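Single-structure report; data block below.
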Amino acid sequence: MPRPTVARIDLDALKHNFRRARELAGTAHAMAVVKADGYGHGIRSVADALAPETSRFAVACIEEAMAIRDAGHRHSVVLLQGTHQQDDLAECEQSGFEPVLHSRQQLSWLGAGRSPRFWVKVNTGMNRLGFRPEELPEVMAGLEEAGLKHLAIGFVTNFACADDSDSEMTGLQTRIFERAVAPWPDLMRSVGNSAAHFRPNQPLYEWSRPGIMLYGASPMEGKTGAELGLCPAMTLQAPLITTRVVRAGESVGYGASWTASQDTRMGMVAIGYADGYPRHAGTGTPAAVRGQRIRLLGRVSMDMLAVDLSAVPEAREGDLVELWGKTVSVDEVAGYAGTIGYELLTGVTSRVPRVHE
Ligand SMILES: *Cc1c(COP(=O)(O)O)cnc(C)c1O
């Protein structure tokens, strides 16, 4: 029997969240972003669940796009990072993958063999990838000359600060983008990650790109997924494998970093940083057992961690502890660990089976 440490994936929550994205996207279509193994939820099951809801998926790289084909789905698949070598373009053409081309090198690979339909990345201020607005006329003229322009589907840009509702940068990037692509009104436009869906009056044009929100975690700084009408799709749970009373003055775990100020009933939970639970989550990080909130004690070990059971005296060996899920949000745990829900969800390791239900 395997240990009961599992990530339970609620497929109805995924569907609910996708519908919420679509509703917020208004007249824009939403492509489901399922990169990084469906943000750690299992790309195959996520694709199966969302296939009837969308006509486009988006992933980072070609291996992830292949996983969608292997699951039997014929949808268009956008490769957000484009291709890494020339040969990949023929593969894209054959398989119906749509790379987002962001560099002159990627453009130079087009046309040498069979060319796929593609998107063009515009750098509106994030300065990771893409062509500057002033380069677009030349880029588009080059495509026209090479007889490739008819393969262009649309323009893509990405926001640097959409999660910060006070930032003016998103409005600025939107205006830069709109102006930059205006000469090609026959091409589609795609600007919005999850956070953009929650910004009032933000244009999302033809295609939005919701990722993290589909999994129920929050894309907005200072807000939980639940506050945004999202439903957590992953519950990470592990069993209590022992309980004991540590006496006043005794310490728990590596570094003896937590010492009991009074006799305290505590338990050990079979999950640790080798499962992807963040080691930086210290004493006080919330978890839950029997639907009630408890807190971590001391340092997270590789395979286990300690919790304070004072708040739930009826908790017993064998009970399942929720590390994050519907009682304690992944966003909250991320806050305690000094990171974001994205990193925790994508960081759950392969030692933890995903159970889809
Ligand atoms: C990952 C990604 C998204 C989705 O972002 P979320 O914040 O998870 O919604 C959208 N666009 C691009 C280009 C991405 O790389």
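Both ligands and their constituent atoms are indexed starting at 1 by order of listing. Quick caveat, the model's predicted, so the values are computed rather than measured.
The closest protein non-hydrogen atom to atom 7 (O) of ligand 1 is Tyr342 OH, 2.6 Å. The protein atom (non-hydrogen) at minimum distance from atom 8 (O) of ligand 1 is Tyr39 OH, 2.5 Å. Distance from atom 5 (O) of ligand 1 to its nearest protein heavy atom, with residue and atom name: Asn193 CB, 3.5 Å. The nearest protein atom to atom 9 (O) of ligand 1, hydrogens excluded, is given as Ser194 OG, 2.5 Å; this is a heavy-atom distance. The protein atom (non-hydrogen) at minimum distance from atom 11 (N) of ligand 1 is Arg209 NE, 2.9 Å.
Under 4.0 Å from ligand 1, the heavy atoms of Asn158 that appear belong solely to its side chain. Under 4.0 Å from ligand 1, heavy atoms of Ile212 appear from its side chain as well as its backbone.
Side-chain contact between Trp119 and Glu98 is present, with at least one heavy-atom pair separated by less than 4.5 Å. Contact check for Leu80 versus Asn158: no side-chain heavy atoms found under the 4.5 Å cut-off.
Checked by distance only, ligand 1 and Pro210 stay at 3.5 Å or farther apart across all their nitrogen or oxygen atoms. Looking at Arg128 next to ligand 1, no N or O pair under 3.5 Å apart turns up.
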| said: Under the criterion side chain to side chain donor-acceptor pair (under 3.5 Å), I'd like the reasoning laid out for Thr124 against Thr157: C-alpha separation, chi angles, the key distance, then a yes or no. | reply: CA-CA 7 Å; Thr124 54; Thr157 198; 2.8 Å; yes

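A salt bridge links Arg3 to Asp275: at least one charged side-chain nitrogen sits closer than 4.0 Å to a carboxylate oxygen. Salt-bridge check for Arg104 with Glu138: passed, with a basic side-chain N closer than 4.0 Å to an acidic carboxylate O. Under 4.0 Å is where a charged nitrogen must lie from a carboxylate oxygen, and between Glu357 and Arg8 at least one such pair does.
The contact set between ligand 1 and Lys35, taken as ligand atoms under 4.0 Å from a residue heavy atom, comprises 1 (C), 2 (C), 3 (C), 14 (C), 15 (O).
Of the inter-residue distances, the one linking His29 atom NE2 with Arg56 atom CZ reads 9.0 Å to the nearest 0.5 angstrom.
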